Amino acid sequence: MENKNTWELYDEKQLEELEVLSKEYRDFLDSGKTERECVDTIVNMIEKEGYKELETLLKEGKKLKKGDKVYAVCMNKTVAMFQIGNRPFADGMNILGAHIDSPRLDVKQNPLFEEGGFAYLDTHYYGGVKKYQWVTIPLALHGVIIKKDGTCVEVNIGEEEDDPVFFISDLLIHLAGEQLEKKAAKVIEGEALDLIIGNKPIVIDKTKEDKSDKTDKADEKTEGEEEKAAGKEAVKKGVLAILKELYDVEEEDFLSAELEVVPAGKAKEAGLDRSMILAYGQDDRVCAFTSVKAMLETKKNDRTACCILVDKEEIGSVGATGMESKFFENTVAEIMNLAGEYSELDLRRCLSRSCMLSSDVSAGFDPSYAASFEKKNAAFLGNGMVFNKFTGARGKSGSNDANAEYMAHIRGIFEKESVNFQTAELGKVDVGGGGTIAYILALYGMNVIDSGVAVLNMHAPWEATSKADVYETKRGYVAFLKHADL
């Protein structure tokens with residue numbers, strides 16, 4: 001089957017809409033380079049459209065009715081949105097689910113050290129990365145430092161035009177003969193991903209009162225020892241002095257900090273034709289953004305519309321803010337209770353009768369590495385929204401594998417709304433593999449299929465997508481929220 005290039009299907013009005021959406025998307029990427037920043041950005045977006053926080057409604061004893069819009073946040077890293085539909089919750093919901101964490105470098109809890117005249121932050125990589133891609137590029141530092149008194153200090157260094165940036169060094173080519181003999185996985189070791197953050201020793205004030213008539217040899221020895229001690233780890237001390245001045249934090253405050261190292265710089269249009277977007281974190285914030293936009297465009301819906309955006313997918317969906325936690329189930333129970341529809345049985349019916357799009361990216365076909373793809377079952381940039389019936393590895397291990405009836409239902413919806421889509425697998429059989437949150441929601445017995453945007457350079461510091469695919473995916477999510485009911 002031959003897929004149509006989506007660009008050829010648009011009229012002038014749609015092309016204008018596409019460009020507006022693309023600009024909004026790039027701004028979203030720039031403002032949300034971490035999970036916390038994503039949640040803050042999304043909450044600001046949806047509150048302007050009338051969404052109310054669940055915790056506030058619970059404290060005020062408010063009830064929910066048809067058409068109400070409500071959201072809940074978990075630990076500032078996961079957010080769920082609901083627009084109450086006309087039908088009972090027990091009939092099921094239409095759910096969009098994506099993740100907002102991305103591969104990166106995390107700063108360790110005891111990170112700051114000095115070596116050879118440089119001050120470093122020690123890091124631990126997060127998610128699946130090619131470690132060699134993270135050296136010699138401008139890096140930024142984002143996150144929070146929580147002081148002992150509970151004060152939250154927000155950190156964002158490296159994004160503004162006059163901000164300093166950071167970097168990880170690499171061995172110069174002139175001395176790299178032995179290094180280049182190593183396998184790619186070993187060229188840069190995980191413990192070598194040390195972030196250079198300073199090279200200037202702290203300035204020591206040597207001005208003292210004139211005590212020439214009173215100073216004896218013992219005093220001179222003491223002063224000499226003090227001056228020598230002050231010079232030890234002087235670059236590290238200089239960095240700590242700057243952190244104290246900027247943020248009023250001490251070295252021990254790193255113990256309760258969450259600092260993430262990400263590529264510095266803003267999302268950019270790519271190609272002379274400006275057809276693509278090059279940016280950090282498009283896996284999976286491209287699907288998170290389009291899911292939120294689809295929710296905001298859904299004004300009237302038969303079944304309740306839901307969007308769940310989670311953390312920790314890149315490391316197995318674990319923890320309190322990952323999809324495997326009870327946050328989503330507990331939130332649905334609270335929403336149903338405020339709507340006067342809660343019972344344990346109706347909660348189970350709601351979840352099992354729901355339809356879901358696990359909104360995650362797919363590997364875009366790369367002609368430079370064509371041998372890793374099976375072309376008939378590959379996703380192409382510019383050919384529209386992608387469906388992956390299954391993901392996983394080898395013999396579909398770790399996959400959801402949606403049923404044929406559900407795929408047929410989705411096909412009917414997209415034909416009705418003229419949404420251009422393609423189907424794909426994650427590369428050739430036995431070449432590799434990967435997973436999403438789809439199987440976790442499928443545990444409730446609901447229909448789930450993976451869908452999203454094709455990405456080039458997935459998990460690299462800079463990933464590429466097609467503007468047309470972003471636009472078409474948003475259209476597909478809107479169509480799904482309106483019509484899914486199997």
Side-chain angles (χ1 to χ4, degrees), residues 33-36 101-146 153-160 163-202 231-247 249-265 280-281 314-315 459-462:
K33 284 194 170 182
T34 70
E35 314 90 287
R36 289 174 183 267
D101 61 317
S102 295
R104 60 177 188 262
L105 307 179
D106 284 341
V107 175
K108 292 184 179 181
Q109 257 49 66
N110 186 23
L112 186 58
F113 69 98
E114 180 177 334
E115 186 67 41
F118 293 102
Y120 293 91
L121 287 179
D122 202 356
T123 71
H124 193 136
Y125 66 91
Y126 172 97
V129 301
K130 292 181 177 178
K131 296 184 284 292
Y132 64 79
Q133 293 178 331
W134 288 78
V135 300
T136 71
I137 62 173
L139 298 169
L141 197 60
H142 291 239
V144 295
I145 301 172
I146 310 299
V153 179
E154 294 186 5
V155 177
N156 187 328
I157 308 173
E159 302 295 353
E160 298 301 325
D163 275 359
V165 294
F166 313 99
F167 66 99
I168 298 166
S169 63
D170 192 12
L171 186 61
L172 65 162
I173 186 65
H174 310 74
L175 304 178
E178 186 176 322
Q179 181 194 43
L180 293 175
E181 294 297 320
K182 296 180 180 180
K183 292 184 177 181
K186 296 293 185 180
V187 169
I188 301 294
E189 300 281 358
E191 284 294 352
L193 294 172
D194 297 325
L195 190 72
I196 294 178
I197 61 169
N199 180 235
K200 180 181 177 182
I202 191 170
K232 186 179 181 182
E233 295 191 321
V235 178
K236 174 182 172 180
K237 289 177 181 177
V239 166
L240 286 171
I242 294 169
L243 291 173
K244 180 67 175 177
E245 180 182 353
L246 291 178
Y247 300 112
V249 296
E250 311 287 347
E251 183 174 4
E252 67 175 20
D253 290 323
F254 281 112
L255 294 173
S256 51
E258 289 182 0
L259 297 172
E260 301 178 12
V261 180
V262 300
Y280 165 71
E314 297 294 0
I315 58 171
H459 280 216
W462 294 91

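Values below: all heavy atoms of this structure, side chains included; hydrogens, waters and symmetry mates excluded. None of these values were measured; they are calculated from a predicted model.
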### Query
With side chains defined as the heavy atoms from C-beta onward, is the minimum distance between Leu121 and Phe113 less than 4.5 Å?
no
### Message
Can you tell whether the side chains of Lys232 and Glu114 come within less than 4.0 Å, N to carboxylate O?
### Response
no
### Test item: side-chain donor near acceptor, His459 and Glu314, under 3.5 Å
yes
### Query
Are side-chain N/O atoms of Tyr126 and Asp101 paired as donor and acceptor at under 3.5 Å?
yes
#### Entry: Residues Asn110 and Glu251: side-chain donor-acceptor under 3.5 angstrom
no
#### Entry: Heavy-atom donor-acceptor pair, Asp122 side chain to Pro111 backbone, under 3.5 Å
no
### Enclosure of Glu189 CD (heavy-atom neighbours >12, cutoff 6.0 Å)
yes
### Task
Flag this pair as yes if the NZ/CZ of Lys131 is under 6.0 angstrom from the six-membered ring centre of Tyr125 and inside a 45 degree cone about the axis; otherwise no.
yes
### Query
Quick one: does Val153's side chain get under 4.5 Å of Val144's, heavy atoms only?
no
### Task
Check whether any side-chain N or O of Thr123 sits under 3.5 Å from a backbone N or O of Val107 as a donor-acceptor pair, and report yes or no.
no
### Message
Between Leu259 and Val261, does the side chain to side chain contact (heavy atoms under 4.5 Å, CB included) criterion hold? Intermediate values first, please.
### Response
CA-CA 7 Å; Leu259 297 172; Val261 180; over 6 Å; no
#### Entry: Electrostatic pair Glu191:Lys108 at N-O distance under 4.0 angstrom
yes
### Query
Does Glu159 pair with Lys33 as a salt bridge, N-O distance under 4.0 Å?
yes
### Query
For the residue pair Tyr280 and Trp134, does the interplanar ring angle fall in the parallel (under 30°), tilted (30 to 60°) or perpendicular (over 60°) class?
perpendicular
